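Here's the structure we're looking at; comments come further down.
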Amino acid sequence: MKETVKTKRRNLRHLVPPVDIAGRIERSPRMDRPIRVVAKAVRRRIGPGRLRDLLHGVPTGKPLHPPLTDLTLGCWLATAVLDLTGADPRAARALLVTGIGGAVPTAAAGIVDWSSLHREQQRVGFVHAITNLVALGLYAGSLTLRLAGDDRRGRLLSFAGLGIAGLGGYLGGHLAYRQAAGANHAESVTHLVPLGWHDLCEVKDLPDGRPVARRLGYIDLFVLRVGEGVTVLADNCSHLAGPLHQGRLVSESGVTCVVCPWHGSTFRLTDGTVAHGPATAPQPYFETRIRRDGVLQVRPAQV
Ligand code: FES
């Protein structure tokens, strides 16, 4: 009896809580080669432009993938409820079809976001995508069976699909909340800089036409002087905190922008708004003024 309890305890120690399963995926380089190939193919097929920006969610200023997942998973969950309560099978079928239809744009938005992530995030995202593809396959099989009149086995496949989609949702949660993919990485800036004007540096120390980084308290700032004018943004990109001062300057529809060196997010220097993703949140922008003694002062712009 004692031996049995000991063995049980030993076995329990080997149980891995779910968060560590995601952590192990995050740290494992096993799938790096297919990840590299797929990410490159996605970036090549859906290159910079309107479609890519739309799928990132740039026009709305919010990532598009999360609300689409709500649509798909919501329909599939409702299908399960109808199946369990013995409701009209036509209603369950309609929800099932809507969920399958919603999965296509959901996957498109997700894979475009995924192609511009750090490798650790891509590892979790890759498994997240595979589990959701399996769930989609199970739901497609369920629909086929239901249409063929085999409702009982169709329902069973749907339940299996829901279980797998739940696992995919758990990995998606890890990706979004633990690994902060899709979060605004410049959100804290406004909390770290008190209102009012702050001395930053002497204007004569700033090179003309080349961005540099300057530190204000806890935060890094992107500073660009062109002649007498100075533009200041938060330096850490809102996408994944890349250093904007190392980026390229480009002109977009006559407006000067900076392109992040990590994944190509493009921000307008006039106000920090996003011209191109993957970032969807604007870059915090600072107002500037130059004191008589040549000291550059900045303050967070009132939004
Ligand atoms: S960190 Fe990804 S685009 Fe800037």
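Along the sequence shown, the residues carry numbers beginning at 1. Numbering of ligands and ligand atoms starts at 1, following listing order. Because the structure is a prediction, the values reported are computed rather than measured.
Listed by first then second residue, pairs satisfying side-chain hydrogen bond (donor to acceptor under 3.5 Å, both in side chains) with a partner in residues 229-238 read D235-H245, not counting sequence neighbours.
The minimum heavy-atom distance linking W197 with R289 is given by the pair NE1-NH1, 3.1 Å.
Among residues two or more places apart in sequence or in another chain, the side chain to side chain donor-acceptor pair (under 3.5 Å) test is passed with R215 by D220.
Other cluster members for I219: V189, L192, V193, L200, V203, L206, V212, L216, Y218, L221, V223, V230, V232, F286, I290, L296, V298, joined by side-chain heavy-atom distances under 4.5 Å among Ile, Leu, Val, Met, Phe, Trp and Tyr.
Inside a sphere of radius 2.8 Å centred on atom 2 (Fe) of ligand 1, the protein N/O/S atoms present are H239 ND1, H263 ND1.
One finds a salt bridge joining R146 and D83 here, because a Lys/Arg side-chain nitrogen approaches an Asp/Glu carboxylate oxygen to under 4.0 Å.
Judged purely by distance below 3.5 Å, without hydrogens or angles, the side chains of S115 and R52 pair a donor atom with an acceptor atom.
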